[in-house]
Number of protein chains: 2
Amino acid sequence: MVSVLTAQTMHSQRHRDPCGACVDCEVRKMAICAALQDDALHALEAIMSSRKLETGEMLVEEGAPKLKVFSLTSGLLRLFTLLPDGRRQISGFLYPGDYLGLADDGTYSQTAEAVVPSTLCCFSVNEMDELMDQHPALKDRLYVMTREALRQSRDNQLVLGRLAPVEKLASFLLVLSAQAKRVGHPDNPVHLSMNRTDIADYLGLTIETVSRCFTKLRTQGLIHLPDANTVSILSHRSLSAVAGTEFKS
Amino acid sequence: MVSVLTAQTMHSQRHRDPCGACVDCEVRKMAICAALQDDALHALEAIMSSRKLETGEMLVEEGAPKLKVFSLTSGLLRLFTLLPDGRRQISGFLYPGDYLGLADDGTYSQTAEAVVPSTLCCFSVNEMDELMDQHPALKDRLYVMTREALRQSRDNQLVLGRLAPVEKLASFLLVLSAQAKRVGHPDNPVHLSMNRTDIADYLGLTIETVSRCFTKLRTQGLIHLPDANTVSILSHRSLSAVAGTEFKS
DNA sequence: CGAATCTTTGAAGGAGATCAACTATAGTGG
DNA sequence: CCACTATAGTTGATCTCCTTCAAAGATTCG
């Protein structure tokens, strides 16, 4: 996807030379740039730079001044908060097309790290603010994405507060599957890019409980696990029943 | 506050006659109308009607088409989602100055009910949308409030996913206290408008556990309970320590 | 191949849920 | 005014499920 880049192992590559034109972008129809007219898109492209992250690399840290905002083009990020004693809550994962900085005013309210090697479009907040003044459609688009993020966060509150462990995992797998489809990946053998610790910290469980829930779903014949990071959904219907909540997919 | 209204026992009163001018409004500086110029404020006032709710009354229901949006002027609302089997997750409470409809596109994503008798400013979505096109400051204000709501929802995810019951309750009481101060109410003897079931469904606990946590905090000398709905915070510092998370108040 | 990391599984313990009873408070009607 | 009822909150006992602690596979990477 980023043909001009040399070695993927280089740290924090950043350059003004955009990684191919926006018109060729794989997430063109989902990201912030969706539903923008050509002039707005070109203006956006003009202030854009690109960036690569490798696994585990931190992009922004909670509390730091918000100087840049990002649009994820490939890979996966986790967004989380840490408690003083080390407990971690992942509030969500960012998929290609998602935007980083929706919730933040002035400072980042959460830390973001790459779960897998990722590529992003990178914007200066000041330039983005200017652009939003010139192109209201851009601001509207961000607002729509923020509302969507809010609904998602509230859905997560339901999952965290009222679902039993197996229900949590079942609903997580269904959301992952729907998400994969949205990005154009296969939605049935779902690939888990994140490890058990990430899943546990997202669902408010321990890794042991997550593992046991996988085993339980497998034993009940609802899923198949060719390997630890691949989940084949054998009965979408039954899995939905376990999740307890019918999700709009 | 609403002098022209007759009996509070009337159901769902609604009338175009605004409940006093916006300039006299108690939440003028916090609600959607904060930071609006006079012309925008008057335009907002022109399309506003008012509404009263009594305890337990439903304002909007999850899934219903979003035709109206609201600004709470007094009272308290709960926002929640129900599971098919009756489990309930309250994602948040709306206090005076808060806006209902931030997260929703087309249909309401959650149900809203009055916890205590409440009064609201009521707007047609269509008229509000028109007004936002004419007054960008209005749209910006809503966007700011949406970002704030998103941060709050993510904070709640941390509470739900990673705090122990006592920690949950302690943090809840601190947030309530800070909220009361913000609205201009006394922040130390905190008055609990909601009952134990509401608190339980907000914190992802049972009412028995909530009650036991109250007792535990009382036994440890951190709070005093003159009656079940009044909490006197004896040691703000210790309570914060129990909450485990330093909240920006 | 061997070290490190990740995942799974087992055993034990504890914390919160459940079930049940009791208390307190408010509202009702005699 | 006072029983009577209904509702809300507290407390106790038990049980279940999740966590914790521990160890054994499995996979990856040098």
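Bear in mind the structure is a predicted one, so any value in this text is a computation, not a measurement. By convention in this document, chain letters (A, B, ...) are assigned in the order of the sequence lines, proteins followed by strands, and residues within each chain are numbered from 1.
Heavy-atom distances to DNA chain D give each of A:Pro226 and A:Ala164 a nearest nucleotide, and the one nearer the 5′ end belongs to A:Ala164. Taking the nucleotide of DNA chain C with the nearest heavy atom to each of A:Arg162 and A:Val210, the more 5' of the two is matched to A:Val210.
Protein atom CD of A:Glu208 is 12 Å distant from nucleotide atom C1' of C:dC6, rounded to whole Å. In this structure, the CD atom of B:Glu167 is 10 Å from the P atom of C:dG16, given to the nearest Å. Counting to the nearest Å, the P atom of C:dT7 and the CG atom of A:Leu192 are 9 Å from each other. Atom CZ of B:Arg212 is separated from atom P of C:dG16 by 10 Å (rounded to the nearest Å). We find that CD1 of B:Ile207 is positioned 16 Å from P of C:dG16, with the value rounded to whole Å. The nearest whole Å value for the distance from the CG atom in B:Asp85 to the P atom in C:dT18 is 11 Å. Going from atom CG of A:Leu225 over to atom C1' of C:dT9 covers 15 Å, rounded to whole Å.
If you check the side chains of A:Ser153 and A:Asn156, you find no donor sitting under 3.5 Å from an acceptor. Inspection of the A:Ser91 and A:Gln110 side chains reveals an N or O donor paired with an N or O acceptor under 3.5 Å. For the residue pair A:Glu62 and A:Thr111, no side-chain donor N or O sits within less than 3.5 Å of a side-chain acceptor on the partner.
Considering only side-chain N and O atoms, B:Thr209 lies nowhere under 4.0 angstrom from the phosphate OP1 or OP2 of C:dA15. Contact annotation: B:Thr206 side-chain N/O to C:dA17 OP1/OP2 distance is under 4.0 Å.
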Evaluate salt bridge (Lys or Arg N to Asp or Glu O under 4.0 Å) for A:Arg182 paired with A:Asp98, printing each intermediate quantity in order. CA-CA 12 Å; A:Arg182 206 173 70 83; A:Asp98 287 344; 3.8 Å; yes
Could you go through A:Arg87 and A:Asp201, starting from their C-alpha distance and side-chain angles, then the distance that decides it, and tell me whether this counts as salt bridge (Lys or Arg N to Asp or Glu O under 4.0 Å)? CA-CA 8 Å; A:Arg87 282 176 287 180; A:Asp201 285 350; over 6 Å; no
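In this view, A:Phe93 and A:Tyr202 satisfy the ring-ring contact (aromatic ring centres under 6.0 Å, His included) rule, not counting sequence neighbours.
For the pair B:Arg154 and A:Phe80, the NZ or CZ position fails the cation-pi test of under 6.0 Å to the six-membered ring centre and within 45 degrees of the ring normal.
Classification of B:Asp198 and B:Arg88 as a salt-bridged pair holds, one side-chain N sitting under 4.0 Å from a carboxylate O.
Atoms CG and CG, on B:Leu53 and B:Leu77 in that order, are 6.5 Å from each other to the nearest 0.5 Å.
Counting 5' to 3', DNA chain D first comes under 4.0 angstrom of a heavy atom of chain A and last does so at the ends given by D:dC18 to D:dC21.
In the helix from C:dC1-D:dG30 to C:dA12-D:dT19, the terminal helix axes, each the rotation mapping four pairs' C1' atoms onto the next four within five end pairs, subtend 10°, rounded to 10°.
Note on B:Leu205: only backbone sugar-phosphate atoms sit closer than 4.0 angstrom, heavy atoms only; bases stay farther off.
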